[in-house]
Structure formats: C-alpha cells, structure tokens
**Q** 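Here's a structure for you.
Lettering follows sequence order; numbering is per chain, from 1.
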Amino acid sequence: MKTLRIHNTLGNNLEEFKPIDPLNVRVYACGPTVYYYAHIGNARMAVVNDLLIRFLKTLYPKVTYVSNITDIDDKIIAASQKNKIPIKELTEKYTKIYNEDMSVLGVKQPDIQPKATDYIKEMINLIEKLIENNFAYEKDGHVLFHVPSFKNYGMLSGRNRDEQITGSRVEVAPYKKDPTDFVLWKPSPSPLPGWESPWGLGRPGWHLECSAMSEKTLGLPFDIHSGGADLIFPHHENEIAQTCAAHKNNDDLKSFAKYWFHNGFVNVEGEKMSKSIGNIKLVHDLVKEYKGEVLRLTLLSAHYRQPLNWTRDIIKQNSTMLDRFYRTLKDLEKVDAYAEKNEIEERIINGLYDDLNTPKVIAELNMLTNGINNADVKTKQKIKFNLLEIGKIFGILQKNPDTWLGYGQSKNINQDTIERLIKDRNEARRNKNFDTADEIRKKLKKEGVEIEDTSEGTIWRSI
RNA sequence: GGCUCGGUGGCAGAGUGGUUAUGUAGGGGCCUGCAAAGCCUUGCACAGCGGUUCGAUUCCGCUCCGAGCCUCCA
C-alpha cells in the first residue's frame, strides 16, 4: 500500500504517516475563537483539514476528528462588552454562523466539536498536575507555567529561550519568575466570567483549553494536531509543554501528538489581512457572492503550506475550471463512472499521498479530462470515475452538472417566456432574419440567460 | 535584532541535475449565419552574482527582494 507522507512541523520534515492505532486515526485541529465572523484564513484551515480528514477516511476504517470552539478568551470578553451582548449569546451566535459558513464551503462537521467552557474542570485538573510536577507555580492569583523547567521548550517552533528573551518586545509581568513563563490561570473578578478554582475565582489562559480538550476527547497520544501556521508559536509550543509536563513526559514531545500539521496564510491582494488595512475577507460575505465550491477549490488551488494570495482573479480562474469540469461531467452524463479495481488513477492520487499536493492533483485531473474527445467508452468511464472520486475527497463536483451550469433554471425571467423567445429566434433564423435572431439572443443575455445552439437543438442556461 | 519560509512565463501554480507541468488570460486558426461551448495552435518562465558539475531553474555560497513568527491573530 502507498503511504501518505505529510510535513511534520515537529522536526520540520516530510514524514511517512504511521497511525498510532490504524483502526482509529485521531486528529485534533485548533478551531476558531468565536467573537466575530470567520474570515477566509479561518476557512483555509477548516477546508485543508477537511480535505485531510476526507483523505484519511479513504485510507483507514475510522478517523476521529475533533475541532474545538474557543468560547472563553479576552477578545470574546472585549467583544461582549463592546456590543453589550452576554458572552454566551455572542459565542453561540458566532459558533452557529461559523458552522453554517463552513458548511457552505463543504466542510463537514468534526466528529466532536468541544467548547472550552465545558472543559474548565479538566483544565484545572491539568494545572494541578503541573504544579504537583513542579512545572508551574502560583503567584498573586495567577498560575504560571515555568518555561525553564521544561528543557525541550522551543522544539516545535525551532527557537530557543535566549533568543526569545532578547527578541521580546513585551514587558515582563511582575508575577513571572521568568520572562518566558506563560499564564495557565488568571484572576477573573466579577463581572468578568470566572470559575471557582483552588487559586480563587479565575479563568484559564489561552493555551490551556486545547491541551485539556484534546486529551479528554482523543486520549494521549493522538496522531495529528493541526492549525494555522501562526499557532506554531506560542500556542502549540505551549500546548506541548503543558501536556507533556503534566504527564511527566517532558522528554518525549510526541507523547502528546505525533504529527504537527500547519497550513499557510491567506493574503489579500498581496497584503496581509488586517483590521487596519480593512481588507479582511469574511466568509459570510464571500458566500453571498461566490458559490461555496468555487471558494473551496480556490482555497485548495495552492499547496496548503504555501501562502495563498486571495484575489478576484484566482477566484475567477477556479470558477472557470470548475465549470469546465462540470461541463465534462455533463458530456459524460450517459456514461457510467467506472474504473478497473475501483481505483483512482495512480498519477492523480499520488499527489495527495505526497503531502496533499492539491495543485498537482488538479493538474493531473485536467490532463485526464483533456483526452476526452478521442476517448473510447472505457476511457470515458474512467474519466468520470476519477472526477467524481477526487471530487469526493476535494469536496467538489458532486452536484448535478445541469444544476451547476444553470441549465433550465432562470432567475429573472419566466421559463415559458424564454422558451417562447427561443422559438421566435429559431423561426427568425429559419427565415434568415438574423438581425431579429441576434436581438432576441442579446435580450436573453441581458436577463442572464445564455443560449447555445447545439446539434440537438437550442438549449439555455442562466449565467 | 533573532528564528522560519519563499522569489517560476500577463496572472495562478506544481515540479525537476539534462527531455522546459497544468490552468487562466492574450495572439492565430477550426467550427458556427452570429454567439455560446468545444477543438487545434502559439508564447526567449524559472530574482541576481559566483561555485560544484560534461550539464543547474533544480545542489552550495553570497547579494537583493518579499512574507510569516518573536505581542492578539487561522
């Protein structure tokens, strides 16, 4: 059997994927903090992980995919205060919208979607273990992880403690023993959201929730831990430290997760998305303008670790490509999808085995479909099979081609009217009255209806 | 300042020590009354400078440029 090779941030290497338990592959992806609409960068993480999961599911009998919702955090508190909405209402609202928007992009719900606030007990438990193992200490109501006590700290992100201190631009809080120590628990006096703990009313630090939730939902160690590249430091570095130290596995970083999988950033028109530039692309807006599948293919059009420059142009390019694939499927409407051994062509699927090289797969798919004209039935069956099967993994091409291309569906104009106009036009054409015929065609186009004269008569689609 | 990662044709984007993907846009053509779709065809691409090599876009070094992280961020 071919083996999947994926890039492991831990070690910064391409590695063969060998599941801990082949009967149940376990993946945890750091999900969104729900204080506002998700942007296209959040979507890239969700789509890339969805692809990974779909592919893994073709390789292993069972895959458990956990992706959390962080529903307690300073940004959430700030948004709640600013908008005068209770935290719970705010987080529930944006959790719902997140799931809806991702679903438009073809992202399947994770098997488990834990919420941080449901795991406070586990977090407190983890902190107690860390204190007990001398990796954490309490000071002024804060509990901090003592970074110098964890000698492998920095292995994931490839930085050492000294560099970090020199490069640090942050003021060191007085309750820290060491400038690199990070907060596990902090005081949270009313009216801020707080939970009872051995260290008083407080709330968890940022990194703790993922350590608690992943351990509780998947068990340790699990196979893949993923997220956006910006989470490598400090978020994932800290997660590793917390979890490994809590279980006294500080020499074995893989006792938490074996593979660390990170996707690259999305830039917008060549610039980083940022509030100050005001160029944040929200999925919620994009789905109003483009089909989810187009956005999804666009997100997969670059290799997942490369930066992706989000422009109108690439959306258009991917939209065109998708139309062409659907047109091919339409041409193959009467052909069965069939391939020998029920397998995707090797040269196509190999791209996925090779660290999810989606652009390579797309290129191979194009080459395959280009041969359709002088293809025999068997080849046509194979082409259709490959398109649909890759489509399943990519999360595209599963719709009815006619529906996708808009055949027989009108938005602005009544179908009978269209049919009547087409009839009139064909009448005019018969009489070589081409001016009239062209006028009718233009009129329909204005209404968003495009007609095509085929050997089997005139057909139309809404564009 | 430190640590990463990149610079491929108008644009997007893989890949490779020698045969120069793929898509899209553009040019030319076929088909069509015209369109649409499709098909054919076309394009001095691998940042610069050195080095290794019979040969480098691919390996090494340096330079320039860009991005990310080091602070909340997917």
**Q** Using whole Å, report how far CG of A:Asn431 lies from P of B:C34.
**A**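 The answer, rounded to whole Å, is 18 Å.
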
**Q** Where is the tightest heavy-atom contact between A:Asp453 and A:Arg425, given as atom of each residue plus distance?
**A**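 Heavy atoms of A:Asp453 and A:Arg425 come nearest at OD2-NH2, 2.8 Å.
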
**Q** What is the distance, rounded to the nearest whole Å, between atom CD1 of A:Ile77 and atom C1' of B:C72?
**A**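 Answer to the nearest Å: 13 Å.
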
**Q** Counting heavy atoms from C-beta on, name the nucleotide in B:C69, B:C34, B:G13 closest to the side chain of A:Asp230.
**A**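 Given the options B:C69, B:C34, B:G13, the side chain of A:Asp230 is closest to B:C69.
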
**Q** From the set B:G13, B:G23, B:A67, return the single nucleotide nearest to any side-chain atom of A:Asn366.
**A**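 Comparing B:G13, B:G23, B:A67 against the side chain of A:Asn366, the answer is B:G23.
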
**Q** Hey, are A:Thr379 and A:Asp376 close enough side-chain-wise for a donor-acceptor pair under 3.5 Å?
**A**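 Note: A:Asp376 and A:Thr379 side chains meet the donor-acceptor criterion.
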
**Q** Answer with base, sugar-phosphate or nothing: what part of the nucleic acid does A:Arg44 contact at a heavy-atom distance below 4.0 Å?
**A**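 The residue A:Arg44 makes no contact with any strand.
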
**Q** Within the structure shown, what part of the strands sits under 4.0 Å from A:Arg312 by heavy-atom distance: base, sugar-phosphate, or nothing?
**A**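 Touches nothing.
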
**Q** With the side chain of A:Phe233 defined as its heavy atoms from C-beta on, choose the nearest nucleotide among B:A67, B:A74, B:C70.
**A**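 Comparing B:A67, B:A74, B:C70 against the side chain of A:Phe233, the answer is B:C70.
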
**Q** Looking only at heavy atoms, what is the nearest atom pair of A:Leu156 and A:Ile232, with distance?
**A**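 Where A:Leu156 meets A:Ile232 most closely, the heavy atoms are CD2-O, 3.7 Å.
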
**Q** What's the CG-P distance between A:Asp354 and B:A14, to the nearest Å?
**A**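 A:Asp354 atom CG is separated from B:A14 atom P by 12 Å.
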
**Q** B:G6 and B:U58: how far apart are their C1' atoms, nearest whole angstrom?
**A**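 Nearest-Å result for B:G6 against B:U58 at atom C1': 15 Å.
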
**Q** State the pairing partner of B:U32; accept Watson-Crick or G-U wobble contacts with both distances under 3.5 Å, and report none otherwise.
**A**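 None - no nucleotide pairs with B:U32, as no candidate has both distances under 3.5 Å.
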
**Q** In Å and rounded to the nearest 0.5 Å, what is the OH to OG1 distance from A:Tyr28 to A:Thr64?
**A**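 These two atoms lie 14.5 Å from each other.
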
**Q** If you compare every side-chain N and O of A:Trp206 against the phosphate oxygens of B:C73 (OP1, OP2), does one of them come in below 4.0 Å?
**A**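 Affirmative; the distance criterion is met.
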
**Q** Rounding to an integer number of angstrom, what distance separates B:G43 and B:U24 when you compare their C1' atoms?
**A**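 Between the two C1' atoms, the distance is 14 Å.
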
**Q** Among B:C34, B:G33, B:U24, which is the nearest nucleotide to the side chain of A:Thr320?
**A**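 Of the options given, the side chain of A:Thr320 lies nearest B:U24.
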
**Q** Quickly work out the A:Glu452 CD to B:G38 C1' distance and round it to whole Å.
**A**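 Taking CD of A:Glu452 and C1' of B:G38, I get 10 Å after rounding.
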
**Q** Reckon A:His303 touches a base, only the sugar-phosphate, or nothing at all at heavy-atom distances under 4.0 Å?
**A**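 The answer is sugar-phosphate, as A:His303 gets under 4.0 Å only of primed atoms, P, OP1 or OP2.
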
**Q** Within less than 4.0 Å of OP1 or OP2 of B:A35, is there a side-chain N or O belonging to A:Arg429?
**A**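 For B:A35, OP1/OP2 do not have a side-chain N/O of A:Arg429 under 4.0 Å.
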
**Q** Is the shortest side-chain N/O distance from A:Asn12 to OP1 or OP2 of B:U4 below 4.0 Å?
**A**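 No, A:Asn12 has no side-chain N/O under 4.0 Å of OP1/OP2 on B:U4.
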
**Q** B:C73 P sits how many Å from A:Tyr98 OH, rounded?
**A**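 Taking atom P of B:C73 as the reference, OH of A:Tyr98 is at 15 Å.
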
**Q** Is there a donor and acceptor pair, one atom on the side chain of A:Gln306 and one on the base of B:C5, closer than 3.5 Å?
**A**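 There is none.
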
**Q** Does a side-chain N or O of A:Lys272 approach OP1 or OP2 of B:C69 to a distance below 4.0 Å, or not?
**A**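 For B:C69, OP1 or OP2 has a side-chain N or O of A:Lys272 closer than 4.0 Å.
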
**Q** Using a heavy-atom cut-off of under 4.0 Å over every strand shown, decide if A:Asp453 touches base, sugar-phosphate, or nothing.
**A**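 The answer is base, as A:Asp453 lies within the cut-off (heavy atoms under 4.0 Å) of a base atom.
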
**Q** When you get a sec, tell me which of B:A12, B:A74, B:A67 is the closest nucleotide to the side chain of A:Gln317?
**A**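 Of B:A12, B:A74, B:A67, B:A12 is nearest to the side chain of A:Gln317.
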
**Q** Before accepting this row, confirm whether a basic side-chain N of the pair A:Glu92/A:Lys96 lies closer than 4.0 Å to the acidic partner's carboxylate O.
**A**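 No.
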
**Q** Does A:Lys281 pair with A:Asp285 as a salt bridge, N-O distance under 4.0 Å?
**A**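 A salt bridge is absent here (no side-chain N lies under 4.0 Å from a carboxylate O).
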
**Q** Rounded off to whole Å, could you give me the CD-to-P distance for the A:Glu364 and B:A14 pair?
**A**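 Checked: the CD to P distance equals 14 Å.
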
**Q** With nearest nucleotide decided by heavy atoms, which residue, A:Asn318 or A:Thr369, maps closer to the 5′ end of RNA chain B?
**A**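 Looking at RNA chain B, the more 5' nearest nucleotide goes with A:Asn318.
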
**Q** Send over the distance from A:Arg441 CZ to B:A37 C1', rounded to a whole Å.
**A**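 Atom CZ in A:Arg441 sits about 13 Å away from atom C1' in B:A37.
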
**Q** Work out which heavy atom in A:Lys2 is nearest to a heavy atom in A:Asn350; give both atom names and the distance.
**A**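 Heavy atoms only, the tightest pair is CD-OD1, 3.3 Å.
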
**Q** Could you tell me which nucleotide pairs with B:C69 by Watson-Crick or G-U wobble geometry, both distances under 3.5 Å, or answer none if nothing does?
**A**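 When the pairing criteria are applied, B:G2 turns out to be the nucleotide that pairs with B:C69.
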
**Q** Can you tell me the pairing partner of B:C49 across any strand shown, Watson-Crick or G-U wobble, with both distances under 3.5 angstrom?
**A**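 Its partner is B:G61 (Watson-Crick or G-U wobble, both distances under 3.5 Å).
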
**Q** With P as the reference atom in both, quote the distance from B:U20 to B:U42 in angstrom, rounded to an integer.
**A**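 That atom pair is separated by 13 Å.
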
**Q** Considering only atom C1', compute the distance from B:C60 to B:G23 and round it to an integer number of Å.
**A**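 Straight-line distance between the two C1' atoms is 34 Å.
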
**Q** Does B:G23 have OP1 or OP2 under 4.0 Å away from a side-chain N or O of A:Asn370?
**A**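 Yes, A:Asn370 has a side-chain N/O under 4.0 Å of OP1/OP2 on B:G23.
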
**Q** Within this structure, what is the CG-CG distance for the pair A:Leu56 and A:Leu52, rounded to the nearest 0.5 Å?
**A**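 Answer for the CG-CG pair, A:Leu56 versus A:Leu52, is 4.5 Å.
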
**Q** Between B:C39 and B:U22, how far apart are the two P atoms, rounded to whole Å?
**A**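 Going atom to atom, P in each nucleotide, I get 14 Å.
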
**Q** Check every strand shown and say whether A:Gly31 touches a base, only sugar-phosphate, or nothing at a heavy-atom separation below 4.0 Å.
**A**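 Here A:Gly31 touches no strand at all.
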
**Q** Atom NE2 of A:His235 to atom P of B:A74: distance rounded to whole Å?
**A**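 It works out to 10 Å between those atoms.
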
**Q** Using a 4.0 Å heavy-atom cut-off, does A:Gly41 contact any base of the nucleic acid, only the sugar-phosphate backbone, or nothing at all?
**A**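 It contacts base atoms.
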
**Q** What's the closest nucleotide to the side chain of A:Leu231 if the choices are B:G33, B:G23, B:A74?
**A**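 My answer, after comparing the listed nucleotides, is B:A74.
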
**Q** Heavy atoms under 4.0 Å, any strand shown: does A:Ile451 hit a base, just sugar-phosphate, or nothing?
**A**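 The residue A:Ile451 makes base contact.
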
**Q** Could you list the residues that satisfy side-chain hydrogen bond (donor to acceptor under 3.5 Å, both in side chains) with A:Trp260, not counting sequence neighbours?
**A**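 Listed in chain order: nothing, the list is empty.
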
**Q** Sticking with atom C1', work out how far B:U8 lies from B:G13, rounded to a whole angstrom.
**A**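 The same atom, C1', in both gives a distance of 9 Å.
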
**Q** Is any side-chain N or O of A:Arg305 under 3.5 Å from a base N or O of B:C5, one able to act as donor and the other as acceptor?
**A**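 Under the 3.5 Å cut-off, the side chain and the base do not form any donor-acceptor pair.
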
**Q** The side chain of A:Glu450 is closest to which nucleotide in this list: B:A36, B:G33, B:G15?
**A**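 Between B:A36, B:G33, B:G15, the one nearest the side chain of A:Glu450 would be B:A36.
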
**Q** Determine the interatomic distance between C1' on B:G48 and the same-named atom on B:G15; round to the nearest Å.
**A**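 My reading of the C1' atoms in B:G48 and B:G15 gives 23 Å.
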
**Q** When the nearest nucleotide of RNA chain B is assigned to A:Asn263 and to A:Asp331 on a heavy-atom basis, which residue is associated with the more 5' position?
**A**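 In this pair, the answer is A:Asp331.
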
**Q** May I ask you to say what A:Arg327 touches in the nucleic acid, namely base, sugar-phosphate or nothing, with a heavy-atom cut-off under 4.0 Å?
**A**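 Sugar-phosphate only.
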
**Q** Taking the same atom, P, in B:C64 and in B:C49, what whole-Å distance lies between them?
**A**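 Result for the P pair: 15 Å, nearest Å.
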
**Q** Please state whether the base of B:G33 and the side chain of A:Asp438 form at least one donor-acceptor pair under 3.5 Å?
**A**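 Pair found.
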
